[in-house]
Amino acid sequence: MVDALHIIRDDGSTDPRLDPELSEEDAVRLYRGMSLQRILDNRMLALQRQGRIGFYGPSLGQEAAIVGAAMAMEPEDWIVPQYREPGAALIRGMPLKELLCQLIGNAEDPVHGRQMPCHYVYRKGNYLSISSPVGTQIPHAVGIAWAMRLRGEPHAVLVFFGDGATSTADFHAAMNFAGVFRTPTVFLCNNNQWAISVPVARQTASATLAQKAPAYGFDGVRVDGMDALAVFRATGDAARRAREGHGPTMIEAVTYRLGPHSSSDDPSRYRDESEVALWRARDPIARYRRYLEHAGWWDDGREARLEQEIGDEITRAIQEAERAPPPAVETLFTDVYAEMPDHLRDQRDAFLAPRGR
Ligand SMILES: Cc1ncc(C[n+]2csc(CCOP(=O)(O)OP(=O)(O)O)c2C)c(N)n1
Ligand SMILES: [Mg+2]
């Protein structure tokens, strides 16, 4: 593997030159965020198999690269997600029940069941709605960042995307624009080695994805995506530079998709279990726990309490979300235009009129 920034050593100690020196409170908050995402993923995959939600895309193995990055951003910054980052929305304060309502697509879903499950949005937390076609969110993020510069707002935008997205025209157009106009964008590429069944070796002939950034005139850094402190450090540094007017940075987080692409995928059909086992041994949550223990901030008792607490919170959120009714049929016609045009009003009235025979 080409060298990548890492901070947490195998024994849980850290590289003193690079340690971001989190307080105990923040360090535990990061761990809680990663654990929540892991437990949520397993519960939601089970819920999908029971037919209670239609679809789910887990983040198993990528917890450090998602929650570590989100934690490094300030509340006024924007987060533009791909689709694998519920952990980032939750760090921003999205209530679990609201997330569950989106997965179910019920009346309390902020987008009234119009998006696919997993396509969360959390406006209050500056967390953008998901744009399904691969890579399309990247120019959106650059546009938001450019608008911030024009308005003189000293904030940054973090955009998540995968290794597969680096093959899209949108990625290249966005990187070019960001470089030329020096937009305050942090490009966070989660190189999880796979784009559904296509391995990263089939996406690019470059030795790394990070090395694409200098071609657009800015820095690309490669970090160990299984190391939450390394991701936190690199993202925090990039966001600070962006806010101070020094332009964009691309971060390649080298990680692995331990689970299926989504609940519709069976990875055993295209990849070897021995590869998965190799990466499972680098589990980002186990590694971060060793760091917490080394610092004297964690033990089996705290772990057991945390698991219980998160499990109960998820159970409560499922129960509450499942009580909400489906969206009312008339919501099919609302929110399409600011003012409903006549033809749509006619269609709505015809649709809602009692149907006699
Ligand atoms: C334009 C487009 N083509 C195909 C798809 C189907 N699709 C959804 S995710 C995905 C793979 C994306 O891989 P990557 O960017 O590496 O992200 P990852 O899923 O690994 O996180 C594909 C092909 C799509 N959503 N949009
Ligand atoms: Mg991928």
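For the single chain, residues carry numbers from 1 onward in sequence order.
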Working for salt bridge (Lys or Arg N to Asp or Glu O under 4.0 Å), residues D219 and R241: CA-CA 11 Å; D219 283 348; R241 279 196 302 274; 5.1 Å; no

H246 backbone acceptor or donor facing R182 side chain under 3.5 Å: yes

Residue pair C118 / L103, side-chain heavy-atom distance below 4.5 Å: yes

R282 to W279 six-membered ring, cation-pi geometry met (6.0 Å, 45°): yes

Electrostatic pair D237-R240, nearest N-O below 4.0 angstrom: yes

Stepwise side-chain hydrogen bond (donor to acceptor under 3.5 Å, both in side chains) check, Q203 with D163: CA-CA 7 Å; Q203 296 294 349; D163 42 296; 5.0 Å; no

Evaluation steps, ring pair (Phe, Tyr, Trp, His ring centres under 6.0 Å), between F161 and F171: CA-CA 9 Å; F161 54 96; F171 166 75; 5.6 Å; yes

Test: R17 and D15 ion pair at under 4.0 Å: yes

Basic-acidic side-chain contact under 4.0 Å: R32, E307: no

Under 3.5 Å side-chain donor-acceptor pair for T166 and K212: no

Flag side-chain contact, heavy atom, 4.5 Å: V221 against L5: no

Worked verdict on Y83 versus Y56 for ring pair (Phe, Tyr, Trp, His ring centres under 6.0 Å): CA-CA 10 Å; Y83 39 72; Y56 193 76; over 10 Å; no

Whether E293 side chain and W298 backbone form a donor-acceptor pair below 3.5 Å: no

Spacing of OG1 belonging to T249 relative to CG belonging to L158, to within rounding of 0.5 Å: 11.5 Å

Side-chain donor or acceptor of Q137 paired with backbone N/O of F160 under 3.5 Å: yes

Flag side-chain contact, heavy atom, 4.5 Å: M94 against K124: no

Rounded distance [0.5 Å steps], CD in Q211 versus OG in S206: 5.0 Å

Check: M71 and R29 side chains under 4.5 Å, non-hydrogen atoms: yes

Short side-chain to backbone donor-acceptor contact, Q37 and G87, under 3.5 Å: yes

Side-chain (Q193) to main-chain (P199) donor-acceptor, under 3.5 angstrom: no

Spatial distance of atom CG (D77) from atom CG (N126) [nearest 0.5 Å]: 8.5 Å

Side chains of P139 and V142 in contact at under 4.5 Å (non-hydrogen atoms): no

Point-to-point distance, once rounded to the nearest 0.5 Å, from CZ of F177 to OG1 of T185: 9.5 Å

Short side-chain donor-acceptor distance under 3.5 Å, H261 and R84: yes

Salt bridge flag under 4.0 Å for residues K97 and E108: yes

Within-4.5 Å side-chain heavy-atom neighbours: S131 and S129: no

Whether D227 side chain and A230 backbone form a donor-acceptor pair below 3.5 Å: yes

Pair T168-D170, side-chain donor/acceptor within less than 3.5 Å: no

Test item: R271 and V276 side chains (from C-beta on) under 4.5 Å apart, heavy atoms: yes

CA sep, side-chain torsions, deciding dist, call: D335, R114, salt bridge (Lys or Arg N to Asp or Glu O under 4.0 Å): CA-CA 11 Å; D335 299 338; R114 291 174 184 143; 3.1 Å; yes

Check ion pair R302-E24 (N to O, under 4.0 angstrom): yes

Residues R305, D299; criterion salt bridge (Lys or Arg N to Asp or Glu O under 4.0 Å); working and verdict: CA-CA 10 Å; R305 281 196 297 282; D299 56 30; 5.1 Å; no

Main-chain N/O of G162 paired to N190 side chain as donor or acceptor, under 3.5 Å: no

Verdict with reasoning, T315 to R43, per side-chain hydrogen bond (donor to acceptor under 3.5 Å, both in side chains): CA-CA 9 Å; T315 301; R43 294 282 299 270; 2.9 Å; yes

Evaluation steps, side-chain hydrogen bond (donor to acceptor under 3.5 Å, both in side chains), between E85 and Y120: CA-CA 9 Å; E85 299 87 14; Y120 323 103; over 6 Å; no

Distance-only polar pair, side chains of S132 and H119, donor-acceptor under 3.5 Å: yes

Backbone N/O of V231 and side chain of T235: donor-acceptor pair under 3.5 Å: yes

Electrostatic pair E303:R289 at N-O distance under 4.0 angstrom: yes

Spatial distance of atom CD1 (I8) from atom CG (L18) [nearest 0.5 Å]: 12.0 Å

F187 and F218 aromatic centres sub-6.0 Å: yes

Cationic N near anionic O, under 4.0 Å, E273 to R280: yes

Donor on one side chain, acceptor on other, Q50 and R52, under 3.5 Å: yes

salt_bridge(R287, D224) N-O dist < 4.0 Å: yes

Pair Q62, S59: side-chain N/O donor-acceptor within cut-off below 3.5 Å: no

Test item: R290 side-chain N/O and D10 main-chain N/O as donor-acceptor pair under 3.5 Å: yes

Side-chain donor or acceptor of E153 paired with backbone N/O of M148 under 3.5 Å: no

Straight-line distance of R257 CZ to N192 CG, nearest 0.5 Å: 6.5 Å

Side chains of D265 and Y270, donor plus acceptor under 3.5 Å: yes

Check: N106 and C101 side chains under 4.5 Å, non-hydrogen atoms: yes

